[in-house]
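Here is the naming used below: chain letters follow the sequence lines, and residue numbers restart at 1 for every chain. Atoms considered below: every heavy atom in the structure, side chains included; atoms not considered: hydrogens, waters and symmetry mates.
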Protein chains: 2
Amino acid sequence: MAQDRRTVIMEAAARLIARRGVRGLRIEELAAEAGVSNGLIYYHFKDRAGVLRATLEFINNRAERYTAEHVAAEHLADPRAVLEQTLLLEFQDTAEVRENSTAWGELRASAMFDVLLRADLAEATRVWDGEVADLIAAVLPAVPGDRALEAAQRLTALLEGLSGRWLSEGLTLDRARALILGAIDGELDALGRV
Amino acid sequence: MAQDRRTVIMEAAARLIARRGVRGLRIEELAAEAGVSNGLIYYHFKDRAGVLRATLEFINNRAERYTAEHVAAEHLADPRAVLEQTLLLEFQDTAEVRENSTAWGELRASAMFDVLLRADLAEATRVWDGEVADLIAAVLPAVPGDRALEAAQRLTALLEGLSGRWLSEGLTLDRARALILGAIDGELDALGRV
DNA sequence: GTCTATAGTATGATAGAC
DNA sequence: GTCTATCATACTATAGAC
């Protein structure tokens with residue numbers, strides 16, 4: 001099916017953000033990448049900030065979708081396997097994952113100086129932390145909610161840190177995967193011992 | 001002592017980078033912040049990239065100094081206390097720490113799109129990981145080096161992740177401190193059990 | 001909805017006086 | 001070394017035709 005222009009623009013924005021960063025995103029360049037006119041972008045998104053907001057949401061939805069798809073495709077019954085796969089999914093050398101991770105890192109960095117981005121990013125982070133906490137609770141039902149959330153926040157924050165190092169060539173993919181697996185192991189071990 | 005203009009400008013640049021980011025640094029605004037003229041900045045630093053290069057070096061030197069000073073000032077007999085304080089040092093709401101953490105985050109983010117930055121950043125990361133691994137080895141001398149380094153990488157990567165969330169207002173300072181302390185606890189526990 | 005053309009402005013950089 | 005004044009351009013955003 002032919003995609004509507006709005007989606008085409010957001011896909012192009014995701015690619016461009018992965019290549020040049022949020023700071024390097026130019027409306028004119030985005031128009032060229034998407035194969036549309038300059039003006040159309042303003043028609044659909046109002047202004048540059050609107051493009052960024054929509055693209056963040058788009059990337060988020062896409063990430064959720066591929067996570068769900070992947071978990072479903074693998075027929076993962078074991079809750080621990082679901083937890084591991086969900087986090088490992090962020091360390092794959094595919095265009096989509098690279099785009100998502102890069103864009104996420106960029107948005108995080110931009111939010112340090114852009115108050116408007118903060119609310120959306122904080123909310124997305126809250127949801128993501130909650131989902132991981134739920135996965136932990138599925139593995140260890142006896143663990144109190146606040147302890148599960150604490151472990152989840154550490155795992156997702158670690159994931160962001162490792163992702164940043166991977167994308168800046170400070171860490172190999174295999175090493176990043178090993179480190180996150182070790183962290184899951186450690187957190188579950190500690191929680192299980194309570 | 002009265003500082004020379006060059007230093008005054010770099011100090012002002014550090015403040016502005018913490019407020020607006022590397023990309024948000026405007027020469028005109030920098031001139032106002034430093035209390036000098038527009039042209040003087042070009043006289044001393046040649047161009048915008050020159051300002052950035054000099055300022056990042058300036059910030060790096062300053063960070064090394066305050067870390068060394070702080071660890072020396074607190075009479076730290078207990079190796080574990082040294083490890084905890086070293087990592088907690090990055091979670092303080094002081095201008096210097098904020099400026100340094102912000103600049104580090106900016107550097108990491110920029111390295112994703114700038115190949116030239118990667119080598120320096122990777123080396124700095126390697127040194128930092130090694131120092132933390134040494135601190136872990138001081139707490140638990142029986143632990144093999146590769147296990148200590150693994151734990152160290154997880155802790156420093158987690159620190160970067162938490163730092164990003166703190167600076168983008170996604171996490172309170174207290175929460176970040178609690179999470180990193182919990183991680184130190186978990187890593188040392190796991191290593192001690194081997 | 002989509003395009004072309006352009007206005008408005010912010011910003012990096014330079015020239016030249018002192 | 002330092003300042004004022006100004007140029008050149010890159011970028012966001014809007015207007016108006018189709």
Side-chain angles (χ1 to χ4, degrees), chain A residues 1-58 103 106-107 109-118 120, chain B residues 1-58 102-103 106-107 109-110 113-114 116-117:
Chain A
M1 79 191 150
Q3 310 246 18
D4 67 303
R5 305 282 225 210
R6 208 168 179 281
T7 305
V8 168
I9 293 170
M10 289 188 294
E11 283 171 348
R15 284 196 299 279
L16 233 39
I17 287 173
R19 273 214 295 283
R20 307 219 187 290
V22 163
R23 305 131 209 224
L25 183 71
R26 304 273 167 263
I27 298 297
E28 200 174 352
E29 196 178 7
L30 174 57
E33 174 80 17
V36 302
S37 73
N38 194 330
L40 191 62
I41 290 169
Y42 287 96
Y43 173 78
H44 281 300
F45 299 97
K46 180 174 159 53
D47 57 14
R48 190 177 178 280
V51 175
L52 290 179
R53 211 168 336 109
T55 303
L56 164 63
E57 200 185 325
F58 169 78
E106 273 294 288
L107 290 166
S110 300
M112 295 183 197
F113 319 107
D114 182 353
V115 185
L116 294 177
L117 276 175
R118 284 185 194 163
D120 289 331
Chain B
M1 72 189 156
Q3 310 246 19
D4 69 304
R5 303 281 225 214
R6 211 171 178 277
T7 305
V8 168
I9 292 170
M10 289 189 294
E11 282 171 349
R15 285 195 299 278
L16 278 180
I17 286 174
R19 275 214 293 283
R20 308 221 185 289
V22 165
R23 186 179 180 263
L25 184 71
R26 304 276 166 256
I27 299 298
E28 199 175 354
E29 196 177 9
L30 173 57
E33 175 80 18
V36 302
S37 73
N38 194 331
L40 190 63
I41 290 169
Y42 288 95
Y43 173 79
H44 279 299
F45 299 97
K46 178 174 160 55
D47 58 13
R48 189 178 177 280
V51 175
L52 251 31
R53 212 169 331 111
T55 303
L56 290 174
E57 195 185 330
F58 169 79
T102 304
E106 281 285 291
L107 209 59
S110 301
F113 316 105
D114 182 354
L116 295 177
L117 275 175

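- Within residues 17-40 of chain A, the residues approached by DNA chain D to less than 4.0 Å at the level of any non-hydrogen atom are Leu25(A), Arg26(A), Ile27(A), Asn38(A), in residue-number order.
- The distance from atom NZ of Lys46(B) to atom P of dA13(C) is 9 Å, rounded to the nearest whole Å.
- Look at CZ on Arg48(A): it is 17 Å from P on dA10(D), rounded to the nearest Å.
- For dG1(D), neither phosphate oxygen OP1 nor OP2 lies less than 4.0 angstrom from any side-chain nitrogen or oxygen of Arg5(B).
- The listed nucleotides are dG1(D), dA13(C), dA13(D); the one nearest the side chain of Tyr43(B) is dG1(D).
- The distance between atom CZ of Phe45(B) and atom C1' of dG12(C), rounded to the nearest whole Å, is 16 Å.
- One can place CG of Asp47(A) at 17 Å from P of dT9(C), the figure rounded to the nearest angstrom.
- Shown here are the side-chain hydrogen bond (donor to acceptor under 3.5 Å, both in side chains) partners of Thr7(B), two or more places apart in sequence or in another chain: Asp4(B).
- Around the CD atom of Glu57(A), the shell of radius 6.0 Å holds no more than 12 heavy atoms that belong to other residues, nucleotides or ligands.
- Between the side chain of Arg20(A) and the main chain of Leu25(A), no donor-acceptor pair closer than 3.5 Å is present.
- Atoms OH (Tyr42(B)) and P (dA15(C)) sit 13 Å apart, rounded to a whole Å.
- Between the CD1 atom of Ile41(A) and the P atom of dT14(D) there is a distance of 14 Å, given to the nearest Å.
- Contact check on Glu106(A) versus Arg23(A) returns a salt bridge, with a Lys/Arg side-chain nitrogen under 4.0 Å from an Asp/Glu carboxylate oxygen.
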Please evaluate residues Leu16(A) and Arg19(A) with respect to the criterion side-chain contact (heavy atoms from CB on, under 4.5 Å), reporting the C-alpha separation (whole Å), side-chain torsions for both, the decisive distance (0.1 Å), and the verdict.
CA-CA 5 Å; Leu16(A) 233 39; Arg19(A) 273 214 295 283; 3.3 Å; yes
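- Side-chain atoms of Arg48(A) and Val51(A), non-hydrogen and from C-beta on, never get closer than 4.5 Å to each other.
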